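Working notes, beginning with the structure itself.
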Amino acid sequence: MGASEYEVREGLFYSKEHEWLKVEKGQVRVGITDYAQDKLGDVVYVELPVVGRKVKQIGEPKNRDMELGAVESVKAVSTVYSPISGTVKEVNSTLQERPEIINTSPYDEGWICVVVPEDLDKEIKTLMDAKAYSEYLKNLG
Amino acid sequence: MMNYHQARWICESCLEPLIFEMGNKGGSRGILLPRGVGAEINIPEKMLRKSLNIPELSQPEVVRHYTRLSQMNFCVDTGFYPLGSCTMKYNPKVNEELADLDEVANIHPDQDEGTVQGALEIMYRLERLLCEITGMSKMCLQPSAGAHGEFLGMLLVRAYFRARGETRKEVIIPDSAHGTNFASAGMAGFNVVVVPSNNRGRVDLEALRAAVSEKTAALMMTNPNTLGLFEDEILEISKMVHDAGGLLYYDGANLNGIIGKARPGDMGFDIVHLNLHKTFSTPHGGGGPGSGPVGVAEKLEEFLPVPVIEYDEEQGRFWLNYNRPHSIGKIKSFFGNFGVLVKAYAYILSMGADGLKEAAEAAVINANYLMHKLADGKSFKVNYDGPCKHEVVLSAEPLKRETGVTARDVVKRLLDFGLHPPTYYFPPIVPEALMIEPTETESKEELDRFIAAMKAVAQEARTDPGRVKAAPTATAIGRLDETRASREPILSWRMYQRLKPK
Amino acid sequence: MVHPYIPNSRETRDQMLREMGLSDVEELFKDIPPELRIKRGLDLPPAMPELAVVNHVKSVLSKNLPFTKMPSFLGGGVWPHYVPAHVRQIVKRAEFLTSYTPYQPETSQGMLQALFEFQSLVAELVGLEVANASMYDWATSLGEAALMSARVTGRSKFILPKIISKDRLSVLENYAAGPSLELVEVDYDRETGQVDLDQLARKVDDNTAGVYIENPSYLGFLETQVDEIAELAHSKGALFVVGVNPISLGLLRAPGDYGADIVIGEGQPLGNPVSFGGPTLGIFACRGEQRLLRQLPGRLIGMTKTVDGKDRGFCMVLQTREQHIRREKATSNICSNEALCAVAAAVYLATLGPRGLRELAEVCAANASYLMKQLSQIEGIKVPLFKSPHFNEFTMQCTRGSISWLNAELLKRGFHGGKPLRREFPELGEAALLCTTELHTKENLDGFVEAVRKVMEG
């Protein structure tokens, strides 16, 4: 599958680790991209963050404070990093029963959690928009 | 090509039933027991068991069931088993007979030392042989497996620095390493620092230099590494780590590539683990028991687990020394997997110095021969130049790009040829990896058959990719739904009874 | 001549080298720096003929005195039992013996199903839903159980009884060292050996990850306050971990039925020889709930179907917990386990069935009961030291003379005595741990009693 065949949704913001972020009223919604779910294969388990947990925006070097959880397929585990600093407000508990919705609906039903950001205006500038992320995928080959 | 089909025992709708689905309740049993003295036993009612739901079967039913299961299992006695990093060599039969002797099977670890002199002598002698083979000063036979040996190694590293009043928290591991290395270091409380491989498939010296510091406790390495390549800059690496005060740990999974040709102790390694169930021919038993002895340089001897087997020359007897104040204690209940140790001891004697060297040479020739014949760049390629050692890592990327057939598909199709496939998708730094370790056990004819099968599969990927993707069909069972198995795990009969639709 | 274990002749080898454009095998080793090459060959004996190896190994081993030739009363973590002939024969079948870990499920259904059956049989035996495909031994299972309790609860204190094998304790300490778990011992009642409940209640707190007991205890008596201990552990949110000798469960209540969250133990007595203490078979089972399952160490075999939905089959599952995928974040570093010993255990349990296992447990316990009674009538011998019901092991104290003296004298009279306890429990004075199984005949037991009597009468 070529890079252009992955869905990149307009209006969302993207991290280099293939997390998406959607700005909502006073909060952001987070998930993994279509590209990420495809690379991982059939998702069998999603490790969700605890509500109330404080997270830091992803940066280098990565550390545990930036982790929101993990998405697992049969033979791989992918850490989900937070695209934004803040506090976890809500998690998608449907994923515990039906992890496969990450594969079938990564941008809608398969969202992972909602975070109340600390400094959205500043941090969002470090993320990619849809166009930039599409370019980024192309360069990954 | 050979016309192959594995046994497939079918009962109505499924393969051989589960043992829980067999038998007639309320009568059969598989063995009669002695009656004992018939004394009264005094166990309070509340501690007695009310029921136990396990099957009731006669002996022939039990034997037939497990014999049928065995027939649905591929093994190295029936065919080529080139799993990379697993060293599936011939398991000599004489070793089995020796390990079954009354004097091995029926001695207890707490017997008076005077009544187990033979066992202590075998262990003592085996330690000496393994020290000579590895170039280490002292061996501990306690670990049950390679990873268990790694864990012991990490505990020794910890004890060494503690005794020196240093706290070093980092263990450096190359990105091509076995997963156990990372896990063992983590379990012992170290932080893992990963160093990348260079474009020659070896540890990147510049990256290593940047990673090594006064925080470095140890560098864990496999040599030859998991790409089958000898780390030819090992002396520089060793110096770099030692200059920073760190220790060098050797993962012996791949020793078969250099045994009798070079020794980890001479390369500067301070701690070495071996896999007797790989290099030293003891059978793997479908996952174990193995044995993972750990050898150390002199400066680490005092930390080894208790007891240490000593020989008292004056009295002419072996004894167990527990009086070791700096010992880390124990990592296994008793002295190690003794039955496995006997087999490895017999193997080393059977091979002798020349035989071991010959094994390494034959294993290396076989691996290079496969590389020479298979890495054509069209279907399979090697990402790193130079002769390999005991194993070769091919990438099926060219084939995948052209046909969409993946390394996994190739592996599944090979099963139809009566071959066990190579390890695949490891090491992770090689895309579409096929990690092939033929060992010295395979003849040229067998290798040629494997080469022909690989080429046939590659050809088929171009002409009939659907057939490759539908493989295997000659095994007891077709491709399994591993996703379902992990999404809704059914891990026991009890769980199955609860979860199955009523 | 090449070695008989290597098929390719010199000629074939040379031909292969030529095909690769090489003239000498050394060219394949040229990347090993010259100063590292072994110059004169390893200092090992030359290859020995098979017969010579057999003769040599047998000759060395003849210095052992197996318990089949002289009755032994040793147990304490590995227990001598009869291994039925067919159990040995099945695990010697090359298909099981010479296969690797079942990474390719389609061609390894036999091993996978046998291991699934092992998991299922162990689960029934201990009264829980999930058992893994084995750990190395009881001690390492204990170490892993402590680590797992800490991960599941996010806490760092692990409570254990003072009566435990000190070798097992040492292994536990080594496993607990990585994440710096605090190990806290609970004392025992000097009369009964039972865990001191008041002390336990004081020690269990909000940072307690797990409470561990052994049943039967290391010194052979039953821990009968199991329901109270389970309640104490659970009231503070700690996991309840129980260690067992699986043979006892033919007779005794399953730990899962009295609240155990994790059950561990030594599976060797299930169809595996004592073999000087190894190979052994670590049992590891837990409740089926997600929060435990996700943290379980070791390999798990699961039932599934083929992709086309036609056949039922088995494969390794939840591998993302394991080292080859999760690396330093794995639930354990274990890779090779004791699979073949697990197959032996499955065949053994299927052979005995529920009634056979119950009878076996009864015989073991009855022999111990008889021996205790007979020994207790000897002057200078106190048996058992604890007023509690016992399974098949018990303590014996020698009030005149040391255990090492007694054992040395017994050896002269043709018996391996009990395990001296001085190193582990100095507070028990001159005491030993004795064990009986179905291997002991009445003659063995009476002969042993007579020998002890003679020695004590001096």
Side-chain angles (χ1 to χ4, degrees), chain B residues 14 30 36-37 39 41 52 56 66 69-70 72-77 102-103 105-106 108-110 115 117-118 144-145 147 179 182-184 186 188-189 192 230 232 262 283 285-290 329-330 333-334 337-339 352-353 355 372 387 443 475-479 485 490 492-493, chain C residues 3 7 20 28 31 42 44 46-47 61 63-66 68 74 90 93-95 97-99 101 106-107 109-111 120 123 136 139 170 178 273 275-279 302-304 306-307 312-313 317 323-324 327-328 330 333 335-340 351 353-354 363 365-366 369-370 419:
Chain B
C14 59
V37 291
I41 45 180
L52 173 57
E56 300 196 284
Y66 287 104
L69 290 187
S70 77
M72 296 191 280
N73 215 58
F74 195 87
C75 70
V76 77
D77 273 5
D102 212 22
E103 287 77 13
N106 294 319
H108 190 285
D110 290 317
T115 68
Q117 285 294 301
S144 309
F182 304 88
S184 300
V192 173
F230 190 81
D232 48 9
K330 298 207 63 140
S333 299
F334 301 100
N337 283 347
F338 180 64
H372 177 72
S443 64
T475 43
I477 199 166
R479 246 185 242 203
I490 301 172
S492 64
W493 172 253
Chain C
H3 192 278
M20 291 185 261
L28 293 173
D31 47 3
L42 290 171
L44 300 178
L61 287 171
K63 295 167 203 161
N64 290 346
L65 186 50
T68 39
L74 290 165
I90 284 168
R93 286 191 65 90
E95 295 90 335
L97 183 71
T98 77
S99 60
T101 302
E106 297 87 354
T107 199
Q109 280 302 295
M111 181 50 80
S120 299
Y136 307 132
S170 177
S275 198
F276 209 37
M303 183 194 282
T304 185
T306 44
V307 174
R312 179 172 80 187
V317 298
Q323 46 76 27
H324 60 285
R327 310 222 285 194
E328 66 270 27
N333 70 336
C335 183
S336 285
N337 53 20
E338 307 290 312
L340 199 66
T351 298
V363 169
S369 169
Y370 177 80
K419 179 180 187 175

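Note that the coordinates shown come from a computational prediction; the quantities given were computed from them, not determined experimentally. So that the names make sense, note that chain A is the first sequence line, chain B the second, and so on, each numbered from 1.
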Practice item. Output the option from B:Gly355, B:Gly478, B:Ala476 having the highest count of non-hydrogen pairs under 4.5 Å with chain C. Key: B:Gly478
Check your understanding: Where does B:His372 contact chain C at under 4.5 Å (heavy atoms): side chain, backbone, both or neither?
Key -> side chain
Check your understanding: Judged by atom type as modelled, is there a donor-acceptor pair below 3.5 Å linking the side chain of C:Asn64 to the main-chain atoms of B:Gly118?
Key -> yes
Revision key, fill the gap. Bottom line for B:Ala188: the part with an atom under 4.5 Å from chain C's heavy atoms is backbone
Exercise for review: Below 4.5 Å from any heavy atom of chain B, which atoms of C:Arg93 appear? Answer side chain, backbone, both or neither.
Suggested key: side chain
Review point. Would you say the side-chain atoms of C:Ser369 pair up with the backbone N or O of B:Ala39, donor to acceptor, closer than 3.5 Å?
Key: no
Practice item. Please confirm whether the backbone N or O of C:Ala339 pairs with a side-chain atom of C:Asn337, one donor and one acceptor, at under 3.5 Å? Key: yes
Exercise for review: Select, from B:Cys75, B:Ala145, B:Gly179, the one with the greatest count of heavy-atom pairs under 4.5 Å involving chain C.
Suggested key: B:Cys75
Revision key, fill the gap. Hits for salt bridge (Lys or Arg N to Asp or Glu O under 4.0 Å) against C:Glu328, two or more places apart or cross-chain, chain-then-number order -> none
**Study point:** Donor-acceptor under 3.5 Å (B:Asn73 side chain, C:Met111 main chain)
**Key:** yes
Point to revise | Toward chain B, the part of C:Pro46 with a non-hydrogen atom under 4.5 Å | key: backbone
Study note, to complete from the structure: Okay, C:Leu61 and chain B: the region with an atom under 4.5 Å from a heavy atom over there is both
